[in-house]
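The structure presented is a predicted model; accordingly, all values stated were derived computationally and were not measured. Letters A, B, ... are given to chains in the order of the sequence lines, protein chains preceding strands, and every chain is numbered from 1.
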Amino acid sequence: MDANTRFNFSAIDKKWMKRFADEPVNVYSDGKPSLYYLAMFPYPSGTGLHVGHWRPYVINDIMCRHQMLKGNYVMQPMGWDAFGLPAENYAIQTGVHPAKTTAESIVTFKKQLDDIGAALDWSREINTSDPAYYKWTQWIFIQMFKKGLAYEKDMLLNWCPSCKVVLANEESVGGCCERCGETATKKHLRQWMLRITAYAERLLNDLDGLDWSYKVKKMQTDWIGKSYGAEITFDVKGTDKEITVFTTRPDTLFGATFMVLSPEHELALQVSDPIHYEAVKQYINETSAKSNIDRMAAKDKTGVFTGAYAVNPVTGEDMPIWVADYVLIDYGTGAIMAVPAHDERDFEFASKYGLVIRRVIARDEDDTGIMEAAYAGEGVMVNSGFINGQKSKDAIESVANHLEKEGLGKKTVNYKLRDWVFSRQRYWGEPIPLIHCPICGVVPVPDAQLPVELPYVESYKPSDTGESPLSRIEEWVNTPCPQCGAASKRETNTMPNWAGSSWYYLRFADPHNSEAPISPEAMKKWVPVDLYIGGVEHAVLHLLYVRFYTKFLYDIGVVDFEEPFKRFFCNGMINLNGSKMSKSKGNYISPDDIIACYGRDVPRLYILFVGPPEMDSEWDENGIEGVFRFMGKAWKLVSENAGKTAKPTKELLFARNKLIKDVTERLAAFSFNTVVSAFMEGVNKLLDLSKSSGVDKETLETLIILLAPFAPFTSAEMWEITGHSTPLFAQKWPVCDESALRVDEITIVIQINGKVRENISVPAGSDKEEIIKAARTAAKPKFPQEQPLKEIYVPNKLVNFVF
RNA sequence: GCCCGAGUGAUGGAAUAGGUAGACAUAACAGACUUAAAAUCUGUCGGAGGCAACUCCGUGCCGGUUCGAUUCCGGCCUCGGGCACCA
């Protein structure tokens, strides 16, 4: 595939890469309305970029360049999400400092991003591992701490034994580490948490106003997981203790025949009677040793009886209290009322341990009442005292109201969202800027002492105990308390790698500000982001965290908006041989090879042409060859017609304006693959017309300007060879002249009983009667009878004769 | 298990306020040019039947609504994704 023997686009790239560097393309719209288009910044890994990574950058650049030509000033910055485990793990193996490897990776990445040909504004480059940047990451954390949103908690956590680090709920995927896939175990640790749950309702509600894909909104909605229900309090028989449960089905209260506490529930041992105490204790110990995945994978539900009973507030009946690990401590209240007849899990548990199963909902009139499985659907209440005969849907409300009136419970909501485990037991991250003072307690580092710089260490090795490598640096750890001066110790945990990326979009607007994360002026001018582009892998993690940070920054007055990204476009991946491109597995296409062969514009166009941008697509060698042929044709069209004079014939005007219309409309719809189709169709048509009438100057110019965002280098060269000295990106995006698209004749489809039978041409502007008459004449020979029963007429499109 | 999304030629994919299914491209085949190849250009290209004009069938499967369904509705099947004992 030595494409250079055919046409050398690389030479054009070289020339215009230099020109664009000397004279940035966005200067022509300086002072115009400002937009901010952002593609997710990368983690500068040691492996570099492959063409599978190109998609969001190419799309963003095209959108930016299009806006420049529409007379807007667009900020398209780029930076580095530079903290992260791979660099640290590499350091453990080799002893090379993560800062060094990261700096080297950045050099490679910068070149590779420039290779995409994007008009990136490097004057705004940021790096999350730069103390000048993370000063503000730490400052934001301190503001959260001051507002009570950051808190310390001793808790049982997901722990990755391979990364030797705790996992946030979002980082534990199916009980495994999101990063390395290792099965997560449980560990008791003192950790810093962020109270993201305090924002659950806002994070959920504000999704409504966002121009994001349904898919991503749905993922976030499900992750937040709001459920409506009631909290109900049960007395523990013979004690003054109470058990509060959360249920979404208060209608089934009459069918609640036993209670289940999570093994971690504080009452589990407290309510146990002496006979059962040891068994309960042993069960609690056993379950705490199990990993999440073992708990989930268990085929059989297990549990122990405590010997205690609660009282059902509506039936007055005794309910044995059990402890079982199918009840989770961190959802609801960590305790449930079990309704075995109408909950699959309770049914399974009750069946195993011989507990009472009482049906309280009849599915329909034919319901025999024999229960072979739980019935969780709707129906009519039975065996349910004052709600007998009600529809279960209505009974939810009746029971909840009754409980509220009697003071036995209240309506409430619950979320699946958990607070964010925010500390990490690793070196290569932002130090948490807190000091533990024996007198004052936890004290934030004063602003004047920020940033708390990451100290140099000899050994990066993480420990199995959950101690950060930083804890071994005595001279760094020991520090006087900023408040009372007493000998104190620094917090040695670092922040998760999501911290820096949770507000970076703000910093691009004001990257060098040493007084604040962002100035009010820069904030007003640039943010929120007008368009954000990136992969679906961040749909819950990063995107949820950024939204949370933004809402917090709104609350403390740093920004005046609550959502960071007005529009988010979620791009699909580009695969090779049916699976994700991966450099380590050797399954990838090297950008260097592609650029050497085709230059930069061809792969840009191919990335768009490969398939709908929101879907995963497959890289195809032959496909890029087709785009290369198209570029060759476009070049031929322009270069052969550049010096000539030709009249703008009706056909040329039509082709020109159709191209404007198609490209503009499809671009606005993010249908990039069909934009490329429109170019191919348009160029084929113009080449065809050039044989007879030539191609007029303005049509050539129009084509070049339209093509400019997509293939900026070749277009710039074309612009020059058509005799222009003014810069291409200072031109105006063409506007379609609808009058040029008018045609003299239109095609009318004739159907008989809904099947296409004829095509006729009629003069444009013919009225209904004329068209039907012409259709009738044309189709008459095919009529099965003299007269149709009905004539359906669709204006300017079709006539259907029905018999 | 629950919740989303998607099934269209040999292939990637077009086209849905319901109105000529297969745009654009790839592959394949045939031809032109060439000593030859590459490149380039032209033609054919969903299936079946027919010399032909044409006819019938065809957008995962079954049914429905409609003059007309790839598009809307109901029920299945397959694939992809999210969540996963969330009470």
Colleague: Between B/rA21 and B/rU71, how far is it from one P atom to the other, in whole Å?
Modeller: 14 Å
Colleague: Return the value, rounded to whole Å, for the distance between atom NE2 of A/His538 and atom P of B/rG82.
Modeller: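 Distance check: A/His538 NE2 to B/rG82 P gives 14 Å.
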Colleague: Take atom CD1 of A/Ile232 and atom P of B/rA87, then tell me their distance rounded to the nearest Å.
Modeller: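 Whole-Å distance recorded here is 14 Å.
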Colleague: Under a 3.5 Å distance rule, please check whether A/Lys768 uses its side chain to pair with a backbone N or O of A/Val794 as donor and acceptor.
Modeller: no
Colleague: Is the distance from OP1 or OP2 of B/rA25 to the nearest side-chain N or O of A/Arg629 less than 4.0 Å?
Modeller: no
Colleague: Round to the nearest Å and state the distance from A/Met219 atom CE to B/rG82 atom C1'.
Modeller: 5 Å
Colleague: Any chance NZ of A/Lys215 has more than 12 other-residue heavy atoms, nucleotides or ligands included, within less than 6.0 Å?
Modeller: no
Colleague: Measure from the side-chain heavy atoms of A/Lys301 and tell me the nearest of B/rC85, B/rU55, B/rA27.
Modeller: B/rC85
Colleague: Between the main-chain N or O of A/Ala539 and the side-chain N or O of A/Gln220, is there a donor-acceptor pair closer than 3.5 Å?
Modeller: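 Checking the backbone N and O of A/Ala539 against the side chain of A/Gln220, a donor-acceptor pair under 3.5 Å is found.
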Colleague: Among A/Tyr545, A/Trp498, A/Tyr199, which one satisfies ring-ring contact (aromatic ring centres under 6.0 Å, His included) with A/Trp420?
Modeller: A/Tyr545
Colleague: Closer than 4.0 Å, any side-chain N/O of A/Ser227 to the OP1 or OP2 of B/rA87?
Modeller: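 Yes, A/Ser227 has a side-chain N/O under 4.0 Å of OP1/OP2 on B/rA87.
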Colleague: I want to confirm an ordering. Mapping A/Arg418 and A/Asn622 to their closest nucleotides on RNA chain B, which one lands closer to the 5' end?
Modeller: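 Taking each residue's closest nucleotide, the earlier one in sequence belongs to A/Asn622.
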Colleague: Between A/Lys411 and A/Glu397, is the closest basic N to carboxylate O distance under 4.0 Å?
Modeller: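 A salt bridge links A/Glu397 with A/Lys411.
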Colleague: Mind checking side-chain contact (heavy atoms from CB on, under 4.5 Å) for A/Asp662 and listing every partner two or more places apart, or none if nothing turns up?
Modeller: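 Once residues adjacent in sequence are excluded, the partners of A/Asp662 under the side-chain contact (heavy atoms from CB on, under 4.5 Å) criterion are A/Lys658, A/Arg666, A/Ala678.
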Colleague: Kindly say whether the aromatic ring centers of A/Phe9 and A/Tyr598 come within a distance under 6.0 Å.
Modeller: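 When the ring centroids of A/Phe9 and A/Tyr598 are compared, they turn out to be at least 6.0 Å apart.
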Colleague: With no hydrogens and no angle check, do the side chains of A/Trp223 and A/Glu170 hold a donor and an acceptor under 3.5 Å apart?
Modeller: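 Per modelled atom types, A/Trp223 and A/Glu170 side chains form a pair under 3.5 Å.
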Colleague: How does protein reach along nucleotides 15-24 of chain B, written 5' to 3' as B (base within reach of a heavy atom under 4.0 Å), S (only sugar-phosphate), or - (no contact)?
Modeller: ----BBS-BB
Colleague: Write down the distance between CG (A/Leu261) and P (B/rC85), rounded to a whole number of angstrom.
Modeller: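 Rounded to the whole Å, the gap is 19 Å.
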Colleague: Within the distance-only criterion (no hydrogens, no angle test), does the side chain of A/Asn312 pair as donor or acceptor with the backbone N or O of A/Leu253 below 3.5 angstrom?
Modeller: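 Yes.
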Colleague: Determine if the base of B/rG18 is syn or anti; take syn to mean the glycosidic torsion is within 90° of 0.
Modeller: anti
Colleague: Roughly how far apart, to the nearest Å, are B/rC24 and B/rC79 at atom P?
Modeller: 34 Å
Colleague: Is the distance from OP1 or OP2 of B/rA87 to the nearest side-chain N or O of A/Tyr331 less than 4.0 Å?
Modeller: yes
Colleague: Quick one: A/Glu618 CD to B/rA27 C1', roughly how many Å, whole number?
Modeller: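 Distance check: A/Glu618 CD to B/rA27 C1' gives 15 Å.
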Colleague: What integer number of Å spans the C1' atoms of B/rC72 and B/rA84?
Modeller: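 Each nucleotide's C1' atom is 33 Å from the other's.
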Colleague: Would you mind classifying the nucleic acid contact of A/Lys217 as base, sugar-phosphate or nothing, using non-hydrogen atoms under 4.0 angstrom?
Modeller: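 It contacts nothing in the nucleic acid.
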Colleague: Taking the six-membered ring for Trp, are the ring centroids of A/Phe569 and A/Trp212 within less than 6.0 Å of each other?
Modeller: no
Colleague: Classify the angle between the aromatic ring planes of A/Trp322 and A/Phe349 as parallel (below 30°), tilted (30 to 60°) or perpendicular (above 60°).
Modeller: perpendicular
Colleague: Please work out if A/Gly626 contacts a base, only the sugar-phosphate, or nothing of the nucleic acid, heavy-atom cut-off 4.0 Å.
Modeller: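 Sugar-phosphate: the residue A/Gly626, judged by heavy atoms under 4.0 Å, touches backbone atoms but no base.
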Colleague: Work out how far the P atom of B/rA38 is from that of B/rC29, and round it to whole angstrom.
Modeller: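 So the two P atoms sit 12 Å from each other.
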Colleague: Can you list every stem that RNA chain B is part of, counting only runs of 3 or more consecutive Watson-Crick or G-U wobble pairs with both distances under 3.5 Å?
Modeller: B:1-7 with B:77-83, B:10-12 with B:24-26, B:28-32 with B:40-44, B:46-49 with B:54-57, B:60-64 with B:72-76
Colleague: Heavy-atom distance under 4.5 Å between the side chains of A/Glu614 and A/Asn571, does that happen here?
Modeller: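 No, their side chains stay 4.5 Å or more apart.
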Colleague: Could I get the full list of side-chain hydrogen bond (donor to acceptor under 3.5 Å, both in side chains) partners for A/Tyr228, not counting sequence neighbours?
Modeller: A/Lys226
Colleague: What's the closest nucleotide to the side chain of A/Val173 if the choices are B/rC85, B/rA87, B/rC83?
Modeller: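 So the side chain of A/Val173 is nearest to B/rC83.
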Colleague: Take atom NZ of A/Lys633 and atom P of B/rA39, then tell me their distance rounded to the nearest Å.
Modeller: 14 Å
Colleague: Please report the distance separating the P of B/rA69 from the corresponding atom of B/rA14, rounded so that it comes out in whole Å.
Modeller: 23 Å
Colleague: Please measure how far the P atom in B/rC41 lies from the corresponding atom in B/rA27, and state the result in whole Å.
Modeller: 13 Å
Colleague: Remember a base hit wins even if backbone is also touched, and classify A/Val245 as base, sugar-phosphate or nothing at under 4.0 Å, heavy atoms.
Modeller: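 Answer is nothing: A/Val245 stays at 4.0 Å or more from every strand.
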Colleague: Could you state the CG-P distance from A/Leu789 to B/rC67, rounded to the nearest angstrom?
Modeller: 11 Å
Colleague: Would you check if the distance from the ring center of A/Phe679 to the ring center of A/Phe710 is below 6.0 Å?
Modeller: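 Aromatic pair counts; centres sit under 6.0 Å.
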Colleague: Taking for each residue the nucleotide of RNA chain B with the nearest heavy atom, is it A/Lys790 or A/Asp616 whose nucleotide lies nearer the 5' end?
Modeller: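 The residue mapped nearer the 5' terminus is A/Asp616.
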Colleague: Between N or O atoms, less than 3.5 Å apart, protein on one side and nucleotides 56-58 of chain B on the other: list the pairs.
Modeller:
unit_1, atom_1, unit_2, atom_2, d
B/rC56, OP1, A/Arg757, NH2, 3.3
B/rC57, OP2, A/Lys755, NZ, 2.8

Colleague: Rounded to whole angstrom, note down the P distance from B/rA25 over to B/rC73.
Modeller: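 Approximately 34 Å lies between the P atom of B/rA25 and that of B/rC73.
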Colleague: Restricting to nitrogen or oxygen on both sides, can you table the protein-nucleotides 2-11 of chain B pairs closer than 3.5 Å?
Modeller:
unit_1, atom_1, unit_2, atom_2, d
B/rC3, O2', A/Lys218, NZ, 2.7

Colleague: Considering residues, nucleotides and ligands other than A/Lys580, do more than 12 of their heavy atoms fall under 6.0 Å from its NZ?
Modeller: no
Colleague: Looking only at atom C1', what distance separates B/rA39 and B/rA32, rounded to whole Å?
Modeller: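 The same atom, C1', in both gives a distance of 14 Å.
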Colleague: What is the distance, to the nearest angstrom, from the CZ atom on A/Phe630 to the P atom on B/rA39?
Modeller: 20 Å
Colleague: Looking at A/Tyr326, is A/Lys301 sitting on its ring face, NZ or CZ under 6.0 Å from the six-membered ring centre and within 45 degrees of the normal?
Modeller: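 The answer is yes, since A/Lys301 meets both limits relative to A/Tyr326.
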